Structures are given as structure tokens and as C-alpha cells.
Peer 1: 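Structure incoming, see below.
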Amino acid sequence: MCRAASMALVAGAADDMAELLLGESKLELFLKVNPLKQGVSPCGPRPKLIEVRKHLTAALDRGNLKPEFLQEAHLVMAKLNYIEGDYKEALNTYAKVGIDDLQLAAVPPYRLRMIAEAYSTKGLCLEKLPISSSTSNLHANREQEIIMCYEKAGDIALLYLQEIERVIITNMQNRSPKPGPGTHEQELGYFLETGLQRAHVLYFKNGNLTRGVGRFREILRAVETRTTQNLRMTIARQLAEILLRGMCEQSYWHPLDDPPQQSPLNDPLWKAANTKSYTLSRRPRVYSGEKYVFKRNIISSYDLCYLNKINKVYGHRPLTILVCMDRASRKDEIRVHRLSYCGEKQK
């Protein structure tokens, strides 16, 4: 009898896992056919999504899933709630799961993607829902919570992309040397793209250019992957423009220092608020040491252009040319980001 009960439990768990995988795959297929667009609200329930909800509900209601898969089922359900426009229910689901307690260490890459998308979706939901009170402090706290969600989403997305590329390269090295396709670029998708790009947009919109520049630098310091090359090119150009047009030597600060709370770079009408800090159990790898070096007055603009040209001719990835920690100036950083953008654009 015990063996029969155990076998029934295993069979039930397998059935629930199948329901979870079906629900998730159908939701991803729906998003591929009907991609979400930046600045456009989700369209609400659709017939195809009814099937997704049936699968996920079946997986959740029977309760046979292991705890980690139960969490994943809730994350997919919250994503579905957002797509259907039920932002409050999506936030309730994230609160139930406790996404801040989800581990980033020793987990497969797909789970990193799910957690990154969860933070991004939570930020989107918070942006959609109005605040009942008109108190300025509540609005400031909400804005900080939204930005923190996007920053976490962006950091975990970078970590996910680094892990995926590492796995692909390892698999290629372990394969027998047969001709085959090279490493392919991962699709970011709407939620990862939002996580990587929305935080600095909100900083600039709120007049906090200092923190926006800081976020640009954080993304550029992350070890590059094939998928982030276009993003890095765009950010390098935007950062160079801000440094050139909006920043003077007096408002410039060291690239690895925390941005100052008060700066002439910020909009005079922007009301300073304490930026919420956060910790992650695991962060994306960043360039450091010799890979993060650009010596002032030693490498000229001509040299940098020439090196980028050599890189292009020999088919190497774009040079990682960043700013030397102890000798950086605003002009140095402008020159580096403008040249690195031009070198990548010519590829």
C-alpha cells in the first residue's frame, strides 16, 4: 500500500510538472507571436491565455510539485497576470513567493532568467498601479522601489546572459571538433530588455542624471556577452553625450565611486531622496584589473581608432577600453565611450 501511494505521488508530481511546462511553453509561444511593446499596456485576457491559466492552475492546485518548481509555477502565473492586466494579483503572487528570498547561487540559468523577469514584471506592475495617497514621501518611496526592481532585474539579467554564454562555450569546447554553428545570440525579450533599460530612463526622467550616469557605468563594467553588444554600444553613445553636453569637470566623479547625492548635473527641480540600496547573493562578473584600464595621455585618440580598426580587420570582439581608476578625467571617459561606440558601429 505504501509503495502504491508512493508511486501515485510520483506520478502526480510528473503530471503537475507536465502541466507547468505546458503552461510556460504556451505562454512563451504567445509572447513570441504577440510580442509586448515598450510603453504599450498589455491587452488583457485572450483565448490562448485561457489554456495557459488552466495548465498553471492544475499544477498549483494539486500541490505535488517540489518547492522550487512550485515557486516557478507562481512566477509564471504572476507573469500571466501581468499580461492579462491584473497587476494587483501579480504583485500578490510575488509577495506570496517572496522573490527577495529566492537564491541566485547554484541554480540553472533558466531560473536566473525567471527571477530577472519577475523583478522586471514587478516594477512594471508598480508603475501601472496608482498610489492612493498624494503624500510626496509615498510617491518617492514608490519610485525608489520601482527603480530598485529594475536594477535588480538588470543585474540578474546580465548574470543570466554571462552564464548562458559560459555554458555554450563550455559545450562547444567539449564537443568533438566537427563543423557546426557558432554561439548564437540569446533573445532578450520584453522583460529582460525592460530590466536592463528602464532604471536609467526613470533616473533621467526624474532629473537624477547623476544616478543615471552611475547606472550606465555599472552596465558597461559587466563582462560583455554577444547578446549585450548592441546594448553596450547604445549606452556608450548615450553616456558620451551626457558627459560631453551635461557634465563639467567640477561635477565629474570617479567611475568606481558611488554617485554623489547632490550634484550640479542634476535637475534643480529634482528633490533628492535617499536611493534605496540592495544586495544580491550573486552579481554579474565585472571587468577589473588589467582589463579595466585606459591610461591618460598615453593612448591617443588616433591609437584607439587604430586599435579598433585592427580589431575589426582580424574579426576580434570589440576592445574593452575603459577608464583607469586612479588617473581618470571627464575628457578621457568621453573619448573612450565615443570611440568604443564608433568602433562597434563600424562592424
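Remember, it's a predicted structure, so these values are computed and weren't measured experimentally.
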Peer 1: Locate the shortest heavy-atom distance separating Phe30 from Ile83; write the atom from each residue and the value.
Peer 2: CE2-CG2, 4.1 Å
Peer 1: Quick one, Met114 with Glu24, criterion side-chain contact (heavy atoms from CB on, under 4.5 Å). Give me CA distance, side-chain angles, the key distance, then yes/no.
Peer 2: CA-CA 11 Å; Met114 293 185 78; Glu24 184 179 10; 4.2 Å; yes
Peer 1: Members other than Val33 in its cluster, when Ile, Leu, Val, Met, Phe, Trp, Tyr link by side-chain heavy atoms under 4.5 Å?
Peer 2: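 ILVMFWY cluster around Val33 also holds Leu29.
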Peer 1: Before accepting this row, confirm whether a basic side-chain N of the pair Glu163/Arg111 lies closer than 4.0 Å to the acidic partner's carboxylate O.
Peer 2: no
Peer 1: Is the distance between the ring centroids of Phe216 and Phe204 less than 6.0 Å?
Peer 2: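 For Phe216 and Phe204, the ring centres are under 6.0 Å apart.
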Peer 1: Under a 4.0 Å N-O cut-off, is there an ion pair linking Arg198 with Glu193?
Peer 2: no
Peer 1: Ignoring hydrogens, what is the shortest heavy-atom contact between Leu49 and Leu27? Give both atom names and the distance.
Peer 2: CD2-CD1, 3.9 Å
Peer 1: Is there a chain of hydrophobic side chains (I, L, V, M, F, W, Y, each step under 4.5 Å between heavy atoms) that links Val167 to Val107?
Peer 2: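 No, it is not one cluster - the side chains of Val167 and Val107 are not joined through contacts under 4.5 Å.
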Peer 1: Using side-chain contact (heavy atoms from CB on, under 4.5 Å) as the criterion, list what pairs up with Cys149, not counting sequence neighbours.
Peer 2: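 Here the qualifying residues are Lys122, Leu126.
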Peer 1: Test of understanding: with salt bridge (charged side-chain N to carboxylate O under 4.0 Å, His left out), list the residues that count as partners of Glu117, not counting sequence neighbours.
Peer 2: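 Here the qualifying residues are Lys79, Arg113.
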Peer 1: Would you call Leu20 and Asp16 a side-chain contact if the rule is heavy atoms closer than 4.5 Å?
Peer 2: no
Peer 1: Would you tell me whether Tyr203 and Glu151 have side-chain atoms, one donor and one acceptor, within less than 3.5 Å of each other?
Peer 2: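 Side-chain D/A pair, Tyr203 to Glu151: present.
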Peer 1: Quick one: are Leu56 and Leu22 in side-chain contact, heavy atoms under 4.5 Å?
Peer 2: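 Side-chain contact under 4.5 Å: no.
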Peer 1: Could you tell me which non-hydrogen atom of Asn81 sits nearest to which non-hydrogen atom of Glu89, and how far apart they are?
Peer 2: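 Heavy-atom minimum between the residues: ND2-CG, 3.5 Å.
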Peer 1: Once you measure the plane-to-plane angle for Tyr87 and Tyr82, does it fall in the parallel (<30°), tilted (30-60°) or perpendicular (>60°) bin?
Peer 2: tilted
Peer 1: With rounding to the nearest 0.5 angstrom, report the CD to OG1 distance, Glu19 to Thr57.
Peer 2: 9.5 Å
Peer 1: To the nearest 0.5 Å, what is the distance between CD on Gln71 and CD1 on Ile115?
Peer 2: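 One finds 8.0 Å between CD of Gln71 and CD1 of Ile115.
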Peer 1: Residues two or more places apart in sequence or in another chain: which of them pass side-chain contact (heavy atoms from CB on, under 4.5 Å) with Ser281?
Peer 2: Gln103, Leu104
Peer 1: Report the C-alpha separation of Glu165 and Arg226 in whole Å, then their side-chain angles, then the decisive distance to 0.1 Å, and conclude whether the salt bridge (Lys or Arg N to Asp or Glu O under 4.0 Å) test is met.
Peer 2: CA-CA 8 Å; Glu165 187 152 300; Arg226 289 174 63 88; 5.4 Å; no
Peer 1: So how far is it from Asp155 CG to Ile219 CD1, rounded to the nearest 0.5 Å?
Peer 2: 8.0 Å
Peer 1: Is there a chain of hydrophobic side chains (I, L, V, M, F, W, Y, each step under 4.5 Å between heavy atoms) that links Leu31 to Tyr119?
Peer 2: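 Yes, one cluster joins them.
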Peer 1: Look up atom NZ in Lys96 and atom NE2 in His74, then write down how far apart they are to the nearest 0.5 Å.
Peer 2: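 Rounded to the nearest 0.5 Å, the NZ-NE2 separation comes to 5.0 Å.
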Peer 1: Is it true that Glu127 and Tyr150 share a donor-acceptor pair across their side chains at a distance under 3.5 Å?
Peer 2: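 Judged by distance alone, the side chains do pair up.
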Peer 1: Assigning hydrophobic clusters by single linkage (Ile, Leu, Val, Met, Phe, Trp, Tyr; side-chain heavy-atom cutoff under 4.5 Å), is Ile146 placed with Val201?
Peer 2: no
Peer 1: Who passes salt bridge (charged side-chain N to carboxylate O under 4.0 Å, His left out) against Glu51, sequence neighbours left out?
Peer 2: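 If we apply the salt bridge (charged side-chain N to carboxylate O under 4.0 Å, His left out) test to Glu51, skipping adjacent residues, the hits are Lys26.
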Peer 1: Work out which heavy atom in Gln38 is nearest to a heavy atom in Thr194; give both atom names and the distance.
Peer 2: NE2-OG1, 3.0 Å
Peer 1: Given side-chain contact (heavy atoms from CB on, under 4.5 Å), test Val286 with Val223 step by step and report yes or no.
Peer 2: CA-CA 5 Å; Val286 297; Val223 173; 5.5 Å; no
Peer 1: Which atoms form the tightest heavy-atom contact between Ala116 and Ala153, and what is the distance?
Peer 2: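 So the minimum-distance heavy-atom pair works out to O-CB, 3.3 Å.
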Peer 1: Determine whether the side chains of Tyr278 and Asp100 contain a donor N or O and an acceptor N or O closer than 3.5 Å.
Peer 2: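 No.
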Peer 1: To the closest 0.5 Å, what do you measure between CG (Leu231) and CD (Glu224)?
Peer 2: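 Going from the CG atom of Leu231 to the CD atom of Glu224 covers 10.5 Å.
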Peer 1: Using salt bridge (charged side-chain N to carboxylate O under 4.0 Å, His left out) as the criterion, list what pairs up with Glu218, not counting sequence neighbours.
Peer 2: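 Partners of Glu218 under the salt bridge (charged side-chain N to carboxylate O under 4.0 Å, His left out) test: Arg211, Arg215.
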Peer 1: Give a yes or no answer on whether the side chain of Ser25 reaches the backbone of Leu21 with a donor-acceptor pair at less than 3.5 Å.
Peer 2: yes
Peer 1: Evaluate the side-chain proximity of Met77 to Leu60: yes if any heavy-atom separation is below 4.5 Å, no if none is.
Peer 2: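 Yes; the side chains approach each other to less than 4.5 Å.
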Peer 1: If you round to the nearest 0.5 Å, how far is CG of Leu161 from CG of Leu192?
Peer 2: 6.5 Å
Peer 1: Quick one: are Asp15 and Asn64 in side-chain contact, heavy atoms under 4.5 Å?
Peer 2: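 Side chain of Asp15 against side chain of Asn64, heavy atoms only: no contact under 4.5 Å found.
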Peer 1: Side chains of Ile156 and Arg282, heavy atoms from C-beta outward: is any pair under 4.5 Å?
Peer 2: no
Peer 1: If we ignore hydrogens and angles and just use 3.5 Å, is the side chain of Ser120 paired with the main-chain N or O of Phe191 as donor and acceptor?
Peer 2: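 Yes, Ser120 side chain to Phe191 backbone: donor-acceptor pair under 3.5 Å.
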Peer 1: When you look at Asn206 and Glu143, which way does the side-chain contact (heavy atoms from CB on, under 4.5 Å) test go after all the steps?
Peer 2: CA-CA 9 Å; Asn206 295 339; Glu143 287 177 356; 3.8 Å; yes
Peer 1: Using a strict cut-off of less than 4.0 Å between a Lys/Arg side-chain nitrogen and an Asp/Glu carboxylate oxygen, indicate whether Glu84 and Arg53 qualify as a salt bridge.
Peer 2: yes
Peer 1: Go through it in stages, so that I can follow the logic: the residues are Val97 and Leu70, the test is side-chain contact (heavy atoms from CB on, under 4.5 Å), and I'd like the CA-CA distance, side-chain angles, deciding distance and then a yes or no.
Peer 2: CA-CA 9 Å; Val97 173; Leu70 192 62; over 6 Å; no
